[in-house]
Structure formats: structure tokens, C-alpha cells
Q: 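Structure below; questions to follow.
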Amino acid sequence: MRIAVFPGSFDPITLGHYDIVERAAPLFDKIIIAIGRNSKKNYMFSLEQRKEFIRNSFKDFPNVEVDDFEGLTVDYCKSKGVNFILRGLRNPADFEFEKAIAQTNRALTRENVVETIFLLTSSGKSFISSSIVREIISFGGNYEIMVPDAVRV
Ligand code: ADP
């Protein structure tokens, strides 16, 4: 089985994330959207809320699942027998950051190498980020244009 893990905070899931998963869904047998838990981070939405937003957003996608994990993404991949990490690229800053992480993840895996597969953001979605969405929500703005319908606060 060709399974990909799409790791991130998803605080909350945005139309940028949605676009990447929607386009990757036909390329893999299964996609696991995996929320990384970091006790040092302060989140706007609880883990359960974030999972619920994702579950509802992809209810019509039989091969998309949601899960959460703590620790290294490659260790999570190993525990699930997964060989692919899915990531989105928005801009050169994402590229530099992602390059270091992908090369590290490859170096950290021995017998079962984990390859990172990148999809470029669709035009019109590259400015969307969870942090901008949180900023808009906190000031009472029109966040709905940037998130799937399932995300309502
Ligand atoms: P992290 O906390 O690791 O930054 P995010 O939830 O912000 O996690 O993002 C997870 C993944 O989604 C990353 O690969 C990121 O590049 C991608 N992503 C986020 N926003 C967009 C977007 N607007 N278009 C394409 N990919 C995106």
C-alpha cells in the first residue's frame, strides 16, 4: 500500500491544506493527516476540535484519515509502516525550511527510507496560512474565505 502522512499543526485546517490533500488523494492508497502534538505550543483550537474540523472536511474522501502523534514524524511513519511524507510548498521560505527537514528525515531513516513528496500550492492559495487565519479570527474578521466549511468558530 502506498500511504502518505501529511503532518502539521492544522490550527486550524485551511483551504491551503485542503487543496494539497485533495490533489494528493488520487496519488496514494491512503493519506493520514497527522496532527503533531507539542506540549510547548499554545494552540487556538483543542486537539479534538482540530481533528473534528479535519474529519468533517474530508468526510467524502474514503482514503483520508486523521490521527495525532507526539515525537518525530519519521518515528510515527515507522510505527504506521508509512514510507511517504506529504508537504505543501508555498514560497521560497517554505522550500528552504522543508529542504532541511526532508533531508534530515531521509537521513534519520535507514532500512525503510521515508521520502517526502511535495505539491506546489495552487495559485490563489499561497497566501493562506493557519497563523493568518488565527489572526483574522481573533480580530473578528471574515476567516470563512480561507477555511473549509467544516471550520466554524
Ligand atoms: P506546521 O506547524 O508544520 O507549519 P502547518 O499546519 O502550518 O504545519 O502546515 C502543514 C503543511 O501544510 C506544510 O507542508 C505546509 O507547507 C502546508 N501548507 C500550509 N498552508 C499551505 C498553503 N496555503 N498551500 C500549500 N501548502 C500549505
Side-chain angles (χ1 to χ4, degrees), residues 2-28 30-58 61 63-78 80 82-109 114-138 141-153:
R2 217 180 272 272
I3 309 175
V5 160
F6 186 41
S9 313
F10 305 103
D11 187 29
I13 184 164
T14 68
L15 289 178
H17 299 127
Y18 184 90
D19 167 64
I20 297 293
V21 174
E22 184 181 38
R23 286 161 54 211
L27 308 177
F28 294 96
K30 183 157 92 179
I31 295 178
I32 305 173
I33 303 177
I35 304 180
R37 287 184 276 121
N38 182 342
S39 52
K40 292 187 200 85
K41 267 200 191 174
N42 283 319
Y43 298 104
M44 175 172 265
F45 297 98
S46 72
L47 179 62
E48 251 336 293
Q49 275 177 308
R50 285 178 280 153
K51 287 175 102 167
E52 196 62 19
F53 290 155
I54 294 171
R55 241 181 256 122
N56 290 335
S57 300
F58 294 101
F61 290 70
N63 67 336
V64 176
E65 292 179 4
V66 58
D67 194 13
D68 60 276
F69 70 101
E70 195 156 19
L72 295 176
T73 307
V74 285
D75 290 340
Y76 174 73
C77 290
K78 196 175 175 197
K80 292 277 170 179
V82 169
N83 296 98
F84 299 100
I85 292 174
L86 175 66
R87 295 289 282 179
L89 289 178
R90 283 166 286 193
N91 50 46
D94 270 359
F95 173 78
E96 289 301 332
F97 179 75
E98 296 290 340
K99 182 173 76 162
I101 297 183
Q103 288 172 345
T104 303
N105 284 337
R106 208 157 182 279
L108 286 175
T109 51
V114 174
E115 291 285 5
T116 305
I117 308 295
F118 295 100
L119 288 187
L120 276 186
T121 185
S122 296
S123 67
K125 304 249 166 38
S126 63
F127 65 97
I128 301 175
S129 71
S130 293
S131 59
I132 289 180
V133 169
R134 291 195 300 274
E135 181 104 354
I136 297 172
I137 290 171
S138 69
N142 182 15
Y143 68 93
E144 291 93 340
I145 58 167
M146 294 192 193
V147 296
D149 288 341
V151 179
R152 289 296 177 259
V153 301

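Both ligands and their constituent atoms are indexed starting at 1 by order of listing. Only a predicted model underlies this, so the values are computations on that prediction, with no experimental measurement involved.
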Q: Going by distance alone, is a donor N or O of one side chain under 3.5 Å from an acceptor N or O of the other, for Arg23 and Ser122?
A: yes

Q: Taking only residues two or more places apart in sequence or in another chain, which ones pass ring-ring contact (aromatic ring centres under 6.0 Å, His included) with Tyr143?
A: none

Q: With sequence neighbours excluded, tell me which residues meet ring-ring contact (aromatic ring centres under 6.0 Å, His included) with Phe95.
A: none

Q: Taking salt bridge (Lys or Arg N to Asp or Glu O under 4.0 Å) as the cut-off, I'd like each qualifying pair that reaches into residues 6-17, sequence neighbours left out, listed once.
A: Asp11-Arg134

Q: Can you measure from CZ (Arg152) to CG (Asn56) and round to the nearest 0.5 angstrom?
A: 11.5 Å

Q: Rounded to the nearest 0.5 Å, what separates atom CD1 in Ile33 from atom CD1 in Ile54?
A: 5.0 Å

Q: Could you pull out every protein residue that has a heavy atom closer than 4.0 Å to ligand 1, ordered by chain and then number?
A: Phe6, Pro7, Gly8, Ser9, Phe10, Gly16, His17, Ile20, Lys41, Arg87, Gly88, Arg90, Asp94, Glu98, Thr121, Lys125, Ile128

